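In what follows, a structure is listed as structure tokens, so that the remarks can point back to it.
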Amino acid sequence: MLDLSDMNESQRRAVTYGEGPLLLLAGPGSGKTFTITRRILWLLEQGVPPDRILVITFTREAAESMQRRFQKVSKGLRPVNFGTFHSVFFHMLRSSDTLKSLELLTNTQKYQILLPILKAHQEKDICGAETELKQGNGFKGASSDSLREDAAGILAAVSYYKNTLCREKAVEKVPARWRECFFRILEEYEKAVLECGRMDFDDMLCRCRKLLLEDAAFRKAWQGRFLHILIDEFQDTNPVQYETVRLLVGNTGSIFAVGDDDQSIYGFRGSEPECLKRFKREYEAEQMLLDINYRSHPEIVSASLAVIGENRDRFEKALRPDPGRGRENGGRVAVRAFQDKEEQYSYLVKRLKEITAARERDGSSECAVLFRTNSRMQGLAVRLRAAGIPYMMGERMESIYGHFIAKDMTAYLRLAAGERSRELLLSVINRPSRYVSREAAGAGDGTVKELIKYYRYAEIPERRRKEILENLSLFERQLEALGKFSPGLGISYIRKALGYERYLRQTAAGDAGRLAEWLELLDWLRADAGRFQNVRDWCDAQREHNRALEENKKSSKRGGSGEEKAAVKLMTVHGSKGLEFETVIIPDCNEGVFPHGRLLKEHEAEEERRVFYVAMTRAKENLELLCLTGEGSTRPPSRFLDPLLQLFPAAY
């Protein structure tokens, strides 16, 4: 007999709920996984066959974790069906003989298909490149690096469209200069995918929905297959997932939907908290609430509720801390302000050094530093490595120094330092455009003098020859001047005097969000390079950072390394979801970061507030919110801090 004595009243009511659809709103730290596993046990005790129960999660890790927790308490009971949305729909597709291939595209294969399509469109004057190419005097189109970045944005938009079927919002996610032809590109991409006999990851959702809609035999075979479907993290459901589950359930079966609209933070993938309200409305579902936060100290609960309470479009929830947890036993919320990024970096290094020492002394301290973006996380990682503070990065990622802007800055500085390389010269000679052809840039010994020599005798119109030679003479003088600067000042010189920022503005083609990210990266690169006396030392530091990232990737693949025991964890907010830490520090609590972006629409601002709320609610005992307030900061403190200043003292 299932023991219900270790549950609170809300958990007991949810676990023993009878038939029909239920919407279980579960606040942070309220024991939702505990409740779901007990619900499965209760259903089995009621005589429901294990193969008639389906449990759906959003990640493979979550599915495996829940399955392990179930097995631990099930005492030999037959397992039920656990899976992610994609694995469940993939299994359903495998049962159909209508598809020729179920082999999935790799990420590399997606780029191999899409990049030639983009290059073909680019040559049709999409990027204004055709005229220059015809003249044979240069190339004005996107570089291979920025074109690959465009491809990443387009693939993200393709994924969004397949998960939502919303044309308008999908187009908004496409890099500005490709928006007009996005659906032509999508059509060509889909045709190429079909020809190679594979399918995109998101096709599993679309094709399964299509089969359930159009294939009566397939629909009949699956509808009613499961008597009870339990869905975790229901707030992360996108419209296509929602509609596919609705088709799968039909008019029978019970859905036990567990989620929290306040923790819906995957809008960029197509997830919509509206699916929770839609579920309650369309299924006429019963609604319950897991209202006790067992994770966080009462002060942290109060702070996080003050923030999320500013959102208007949400379910009202009377959440509360664990009544058995007193305010006197530690716990605090602190808002700290700094004059500039360097002062914030200095504080973080000092604070994390203290936490690391405490961990080494008694093994008690654990801290997560949570960031809005990967690039900001890597910025701190560079500083911690220099200070000798061990840390673990919670996500695998590409190096910040691998970004085309970082590679351009490094190439400029290396050329200015006297390094001769055709590759380096070719990479920056037309950023901004100096109308130098690929043939010329690929000839000679990798010096500007060789380019000048080439164009003195090139068979081109005299007016064009004069213009290019003037550009090259100026470039030669600029490189000579650049060689006299330190790396940090050199980047400022490249940005303004050499016209690199102007080049980025042209390449962004009106995409304000992308331009803001690029300029922010330039700011960071200038500060990072400013720590070194010469470009050689900066390049050495880049290689060390890249080596550490590769080691982090390898250790993740083999199940971890010694760094897993590090007191300090660096993560994005999205990567931290579902986790908890004794201390959480959130730096860069300024407009443009929290919330991310500018001139946000109301629904976008509310999602950003949810991102901040998720970050805050990862903390168990201590929460520190850091912001910049000095003249060196171009952005005011985050609006999300406003309701906290009335509750907690701030170091403003």
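Note that the coordinates shown come from a computational prediction; the quantities given were computed from them, not determined experimentally.
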Between K277 and D313, is there a salt bridge with N-O shorter than 4.0 Å?
yes
Short N-O contact, E608 and R372, less than 4.0 angstrom:
yes
Using 30° and 60° as the class limits, which term best fits the ring planes of H574 and F268: parallel, tilted or perpendicular?
perpendicular
I'd like to know if the side chain of S10 reaches the main chain of L289, judged simply by a donor and an acceptor atom lying under 3.5 Å from each other, with no hydrogens or angles considered.
yes
Do we see a donor-acceptor contact under 3.5 Å between the side chains of Q344 and D588?
yes
State yes or no: are the ring centers of Y17 and F256 separated by less than 6.0 Å?
no
Salt-bridge criterion met for E190 and K162 (N-O under 4.0 Å)
yes
Is R639 salt-bridged to E591, going by a charged N under 4.0 Å from an acidic O?
yes
Take Y160 and E172 through the test side chain to side chain donor-acceptor pair (under 3.5 Å) and record every step on the way to the result.
CA-CA 10 Å; Y160 184 89; E172 289 177 0; over 6 Å; no
Under the 3.5 angstrom rule, does the side chain of R225 hit a backbone N or O of A221 as a donor-acceptor pair?
no
Check this for me, if you would: do D262 and R314 make a salt bridge, where the nitrogen-to-carboxylate-oxygen distance has to be below 4.0 angstrom?
yes
State plainly whether the residues K620 and E582 are in salt-bridge range, i.e. N to O under 4.0 Å.
no
Aromatic ring centroids of F234 and F279 under 6.0 Å?
yes
Would K210 and D215 pass as an ion pair if we require N to O under 4.0 Å?
no
Cationic N near anionic O, under 4.0 Å, E243 to R209:
yes
Can E274 and R278 be counted as an ion pair, charged N to O under 4.0 angstrom?
no
Any salt bridge between K32 and E233, counting N to O under 4.0 Å?
yes
Are the charged groups of E606 and R609 less than 4.0 angstrom apart, N to O?
no
N8 and Y294: side chain donor to acceptor below 3.5 Å:
yes
Check D260 with R610, please: is the shortest side-chain N to carboxylate O separation under 4.0 Å?
no
No-hydrogen, no-angle side-chain donor-acceptor test under 3.5 Å, D202 and S159:
yes
May I ask you to say whether R351 pairs ionically with E624, meaning some side-chain N is under 4.0 Å from a carboxylate O?
yes
Taking the six-membered ring of Y283 (Phe, Tyr or Trp), confirm whether the NZ or CZ of R246 is under 6.0 Å from its centre and within 45° of its axis.
yes
